[in-house]
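Inspection log for the structure reproduced underneath, given as structure tokens.
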Amino acid sequence: MSESMIKAEGVHKRFGRNEVLKGITLDVAAGEVMCLLGPSGSGKSTFLRCINHLEKINAGRIWVDGSLVGYRQKGDVLHEIPEREVAREREQIGMVFQRFNLFGHMTAVQNIIEAPIKVRGTKPDAARAEAKVLMDRVGLGDRLDAYPAQLSGGQQQRVAIARALAMKPKLMLFDEPTSALDPELVGEVLDVMRGLAADGMTMVVVTHETGFAREVADTVVFMDDGVVVESGDPVAVFENPQHARTQAFLSKVL
Amino acid sequence: MADADQLSEPAPAPAASVEIKAVPVRRPGRLIAGVLIIVVAAALVKSVATNPRFGWGTVGHYLFAPTVMEGLVKTIELTILSMIIGIAIGVLLAVMRLSPNPIVVAASGFYIWLFRGTPVLVQLLFWAFIAALYPVISLGVPFGPAVVNLDANTLITPFVAVLLGLGLNEGAYMSEIVRAGLLSVDEGQEEAAKALGMRRMMTMRRVILPQAMRVIIPPTGNETIGMLKTTSLVSVLAYTELLYAVQLIYATNYKQIPLLIVASIWYLVLTTILSIGQYFIERHYGRGTARSAPPTLLARIWQSFSTWRHTRVEVPEISRHGQ
């Protein structure tokens, strides 16, 4: 693992008067898989959404692959960057949502080729061929023309992963990707994510799947009330949590 | 039996699986209501057929008269063009209403307030008399020199006046319909598009609007049918659409009733055609959703006639037309 893919320093985020992130500092190396754990309301998802600037942060800095997210720094002054450049930064960052958010009026393949063609300018034939490969990779090579409503939750989430991968991101963000799924469908999604991790994708995963975190993560970060309480090697955090809040949380979920 | 088989099979059926054939509950109310309606309908038909003042012969004579045909074409033309203007303005206003720029939002709100708050007939009259307000229409730098000067009476012909009146007014109503449609699309759709690197306008055009169409189409169909009938208002500006065409005829032969029936027949024909068209458009934009095809009125009537046979109206399969 070499230089950092994500670097966050003192990230604060407020919604009105409610401070959700109270100074998050962490580092994700290229090729690293980091799992964010913690009780609901602890700010995990919010932090994830700050990484691709879906949320604007109120203080601190986030860099993705060396460049500042959402701003340009000239001397001591921060300048917001125009929408065009924010969009270009987001192209490089794949995101998978809890509720899948597939485009409902498009088939699986149309969902996957939309951004490559419209944003990247990929030729439709090439994009379609690539989509076929990705659908095979997530095990849905036979459902290319299905509409989201005709797919199970697990299948939809796998299409959503393929859609994110079609932009060839250097980083993948997963926002509770299995929380909206029936228990028997969780495994198929986690399998795809395991495959991605094995291929060396940098991943930040907000999850409640402690089994997955223990098995796949390089680093586990435990967040509570807007701060990082504890982080480190999954074995260390799970077997021997140092902080009382981590112990209390793990005793409930394990 | 193997365990696996038992798991995959439904619980064993009860021994006697004879189809239930019960005597249905008597519903005398339904029978009475049905008979009553049929009697009244028969009386109406008899009166309509035998009252000579309906002048069915005259109706037949003028139904395809050249003046009526010309008026009909003008009515269709006005309906289509003013709806196109209305929808274009409606989409623009709705997108403006959701803009982050407060001045843009206010401008959209003001437009809607003004055009929805005054009767369309009054607006039509304003456009007809626009030359009294602005005899010369100049294009150029605001507060600066004019580049082109146009005479209002040559620029705003009766046709343009009527089109502006109907279209601009319709835009205010359409904008509310479009806005409701845009708001009906889940926020997650926009977020997913953003996360893929799509920009605001592209997201609107490719992701939000197409899905909003499902909500926008049915009331737009209503608006179109409403517009078809509202075009009759422009007869007061002596613009020869369908109603004014028949008025011209009955002004000379005094056969008002038969000629109004001629106009009504054509309005009914057109609204029927529009309703059928709406059904197919709704089906197209409903693709990707389970409840895609609403049954037609006829299908619904047929369904309720045949409930005792448990016949269901078949929902056509999700259409797979390309984009």
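By convention in this document, chain letters (A, B, ...) are assigned in the order of the sequence lines, proteins followed by strands, and residues within each chain are numbered from 1. All figures in this text were calculated on a predicted structure; none of them were measured in a lab.
- At least one donor-acceptor pair closer than 3.5 Å links the side chain of H105(A) to the backbone N or O of R206(B).
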For L196(B) and R163(A), run side chain to side chain contact (heavy atoms under 4.5 Å, CB included): C-alpha distance rounded to whole Å, both residues' side-chain angles, the deciding distance at 0.1 Å, then the answer.
CA-CA 9 Å; L196(B) 285 166; R163(A) 176 175 71 174; 3.7 Å; yes
N101(A)/D186(B) under side chain to side chain contact (heavy atoms under 4.5 Å, CB included): CA gap, chis, key distance, verdict
CA-CA 8 Å; N101(A) 296 351; D186(B) 185 64; 4.1 Å; yes
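- Side chain of N52(A) to backbone of A195(B): no donor-acceptor contact under 3.5 angstrom is found.
- Atom CD1 of I103(B) is surrounded by 12 or fewer heavy atoms from other residues, nucleotides or ligands within 6.0 Å.
- Each of K194(B), M198(B), E187(B) has some count of heavy-atom pairs under 4.5 Å with chain A, and the biggest count is that of K194(B).
- Proximity of a side-chain donor or acceptor of E83(A) to a complementary backbone N or O of R199(B) within less than 3.5 Å is not detected.
- Proximity to chain B (any heavy atom under 4.5 Å) is shown, for R120(A), by neither the backbone nor the side chain.
- Using a 4.5 Å cut-off between heavy atoms, F97(A) contacts chain B through its side chain alone, with no backbone atom that close.
- Of all heavy-atom pairs between F103(A) and A192(B), the closest is CE2-CB, 4.1 Å.
- Using a 4.5 Å cut-off between heavy atoms, L173(A) does not touch chain B at all.
- Listed options R99(A), K118(A), E91(A), Q92(A) were ranked by heavy-atom pairs under 4.5 angstrom with chain B; first place goes to K118(A).
- Using a 4.5 Å cut-off between heavy atoms, M202(B) contacts chain A through its side chain alone, with no backbone atom that close.
- Contact tally against chain B (heavy-atom pairs below 4.5 Å) for E89(A), Q98(A), R49(A): the top residue is R49(A).
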